[in-house]
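As the structure is a prediction and not an experimental result, all values here were calculated from the model. A note on names: the letters A, B, ... follow the listed sequences, proteins ahead of strands, and every chain is numbered from 1.
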There are 2 protein chains.
Amino acid sequence: MTGQVRTVDGRVAGRRGQETRQKLLDCLREMLSTSPYRDVKVIDVARMAGTSPATFYQYFPDVEGAVLEIAEEMAKDSVELKELVDGKSWAGKSGTTTSEELVDGFLAFWRKNDAILRVVTLGAAEGDKRFFKIRMTVLNSVAKPLADAVKDLQAKGQADRAQDAAAVAGSLISLLASAAEHQKAFTSWGVKIKDLKPTLAPLVYLGVTGKKAPK
Amino acid sequence: MTGQVRTVDGRVAGRRGQETRQKLLDCLREMLSTSPYRDVKVIDVARMAGTSPATFYQYFPDVEGAVLEIAEEMAKDSVELKELVDGKSWAGKSGTTTSEELVDGFLAFWRKNDAILRVVTLGAAEGDKRFFKIRMTVLNSVAKPLADAVKDLQAKGQADRAQDAAAVAGSLISLLASAAEHQKAFTSWGVKIKDLKPTLAPLVYLGVTGKKAPK
DNA sequence: AACTTGTCCTGTCATGCCGTCAGCTTACCG
DNA sequence: CGGTAAGCTGACGGCATGACAGGACAAGTT
């Protein structure tokens, strides 16, 4: 068991308490997606949830603590990303499909969790181990199976053995993450979002197989 | 002329004033690289600069305003990045060198401006137009010449014409930016930093030319 | 040296958020 | 119905914010 939900001062939270707690998390998530992280205040979250700041501090040590909670929830969801790579084929035409679905699925996940991932990314970049770990959980859910796929192809002589499989997978996932984070940047380069998949997918295919994508 | 430096209340800053202002900026830059953005307080910056919070507010509207200043300075420096691509050759072996130097130079620039770029990236992701513009200035200093290079190769039939040059360049720059931002992530994948260049450079080469990198 | 002018800095104050605690209310159970 | 633990909040000291007025200072003028 993960143990019951507890308040900061050690009480176990009952039905009503968990509801309040959840409402606070929901409101915080909402706030994160509408105002800059730096400006998210406990008092605003509490007000939005129709409760008082003191209540917030009953359930979370501070804003960061609550954010971590939301992030961990999201990290759990990220297991679904494994399916984008696990057991997929990279041979010929089906490899193209695999890479396209990977790009699509990954971008969609990132878009869905946009706001919280922004904060996680910042925290990780600033050297916070907890955020870093969460970010790794998300990226690993794709990077691990992808590295395995590369190793597999290398073993079968269908990919460049000189490349470090983990480094290749990591770079590609970084590519997807960054493209996902800054979709707006592309439009300002005159690139339409729909042009993004046709560009990223061949890069992924190229990185994994070392071959040019077939038409 | 960019116009003289002015205080918030409109006075022109003299020699001494500019020194104080600069010292505040330097201390803020220092703070950004040692503590989380969310926790950077005016009072700490002022204390470190041996002055009072009121003085800070003479020169900057708020922390964000000062951060923008630092970011703009950095954006100016980013013109040096153009040299990494402008007039370089992508043919054969020298193409490999070009891509390697591009990766190296870009990662170095990002490492040098680590802290401020983190904040700029966050601001841009949160939709702040000013930060977004600064980020684009930095990325464009490489993306523009890179897109030109791709177009050039396409015209000469040495690259896939079906690809959108701007999208390719943008994706590759995104790749570099993201790898640069999260160099730590790679080490946790068991990838050494020195393995990063040999992985990224071929990807860049592949993206630009559509061909596998020569040995 | 006294005076003037404009720059530069800070003490102080009102305001608002933070984070804690004591104590009140509510729900559940025997 | 009374006991117990959960749930909530008003109130408070502390600190950051941001505005202002006034004092310190440098440099030039008479």
Side-chain angles (χ1 to χ4, degrees), chain A residues 2-28 30-32 34-69 119 123 128, chain B residues 2-32 34-70 119 123 128:
Chain A
T2 357
Q4 298 132 307
V5 179
R6 287 188 175 272
T7 59
V8 168
D9 56 332
R11 282 198 332 277
V12 285
R15 203 207 78 243
R16 191 154 71 112
Q18 297 208 18
E19 268 174 29
T20 305
R21 205 183 118 98
Q22 193 56 50
K23 190 187 268 184
L24 283 167
L25 284 177
D26 291 344
C27 290
L28 175 55
E30 165 84 22
M31 293 240 73
L32 283 176
T34 54
S35 48
Y37 179 46
R38 202 170 197 281
D39 298 342
V40 171
K41 307 286 177 197
V42 169
I43 199 170
D44 296 322
V45 177
R47 250 199 293 261
M48 184 185 280
T51 179
S52 79
T55 302
F56 182 95
Y57 287 106
Q58 279 232 316
Y59 296 107
F60 311 103
D62 50 24
V63 172
E64 205 182 71
V67 166
L68 269 169
E69 197 96 352
V119 180
D128 187 302
Chain B
T2 356
Q4 297 133 305
V5 179
R6 288 188 175 272
T7 58
V8 168
D9 55 332
R11 279 201 335 277
V12 283
R15 202 207 80 243
R16 193 153 71 108
Q18 297 209 19
E19 269 173 28
T20 306
R21 204 183 119 98
Q22 193 56 49
K23 189 187 269 183
L24 283 167
L25 284 178
D26 291 343
C27 291
L28 175 56
R29 186 188 268 117
E30 165 84 22
M31 293 240 76
L32 283 176
T34 54
S35 49
Y37 178 47
R38 204 169 194 282
D39 298 342
V40 170
K41 306 288 177 198
V42 169
I43 198 167
D44 296 323
V45 177
R47 248 198 295 262
M48 185 185 279
T51 178
S52 79
T55 301
F56 182 95
Y57 287 106
Q58 278 230 318
Y59 296 106
F60 311 102
D62 50 24
V63 171
E64 203 182 73
V67 166
L68 268 169
E69 197 97 353
I70 295 175
V119 180
D128 186 304

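In DNA chain C, stems built from 3 or more consecutive Watson-Crick or G-U wobble pairs, each with both distances under 3.5 Å, span C:1-30 with D:1-30.
Annotation for Leu24(A) and Ala46(A): closest pair CD2-CA, 4.2 Å, computed over non-hydrogen atoms. Minimum heavy-atom separation, Ala13(A) to Gln18(A): O-NE2, 3.6 Å. Closest approach of Tyr37(B) and Glu64(B) over heavy atoms only: OH-CG, 4.1 Å. Taking both residues in full, the closest heavy atoms of Arg6(B) and Arg21(B) are given as O-NH1, 4.3 Å, listed atom of the first, atom of the second, then distance. Closest heavy-atom contact between Leu28(A) and Ala66(A): CD2-CB, 3.4 Å. Nearest heavy atom pair, residue Tyr59(A) against residue Thr7(A), reads CE2-CG2, 3.7 Å.
When rounded to the nearest whole Å, the span between CZ of Arg21(A) and P of dA6(D) equals 15 Å. Rounding to whole angstrom units, CG of residue Leu24(B) and C1' of dC8(C) are separated by 12 Å. Rounding to whole angstrom units, CG of residue Asp44(A) and C1' of dG16(C) are separated by 11 Å. Taking atom CD of Glu19(B) as the reference point, atom C1' of dC8(C) lies 12 Å away to the nearest angstrom. The interatomic distance linking Lys41(A) (NZ) with dA16(D) (P) rounds to 12 Å, in whole Å. In this structure, CZ of Phe56(B) is placed 14 Å from P of dC9(C), rounded to the nearest angstrom. For the pair Asp39(A) CG and dT17(D) C1', the interatomic distance rounds to 13 Å; values are reported in whole Å. In this structure, CG of Asp9(A) is placed 14 Å from C1' of dT9(D), rounded to the nearest angstrom.
For Thr55(B), counting side-chain heavy atoms from C-beta on, the closest listed nucleotide (dC8(D), dC9(C), dA16(D)) is dC9(C).
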Please write out the pairs of protein N or O atoms and N or O atoms of nucleotides 19-27 of chain C separated by less than 3.5 Å, giving the distance to one decimal.
| residue | atom | partner | partner atom | Å |
| --- | --- | --- | --- | --- |
| dG19(C) | OP2 | Tyr57(A) | OH | 2.7 |

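Arg15(B) has a carboxylate O that lies under 4.0 Å from a charged side-chain N of Glu19(B), or vice versa, which qualifies the two as a salt bridge. Under 4.0 Å is where a charged nitrogen must lie from a carboxylate oxygen, and between Asp26(B) and Arg29(B) at least one such pair does.
Within the nucleic acid shown, Thr7(A) has no heavy atom closer than 4.0 Å to any nucleic acid atom. When heavy atoms are screened at a 4.0 angstrom cut-off, Tyr59(A) is found touching the sugar-phosphate backbone but no base atom.
Remark on DNA chain C: of its neighbouring residues Arg38(B) and Gln18(B), the 5'-side contact belongs to Gln18(B), judged by nearest-heavy-atom nucleotide.
Here Thr51(A) reaches the OP1 or OP2 of dT9(D): one of its side-chain N or O atoms lies under 4.0 Å away.
Under the side chain to side chain contact (heavy atoms under 4.5 Å, CB included) criterion, Leu68(B) pairs with Arg130(B), Phe131(B), Ile134(B), sequence neighbours left out.
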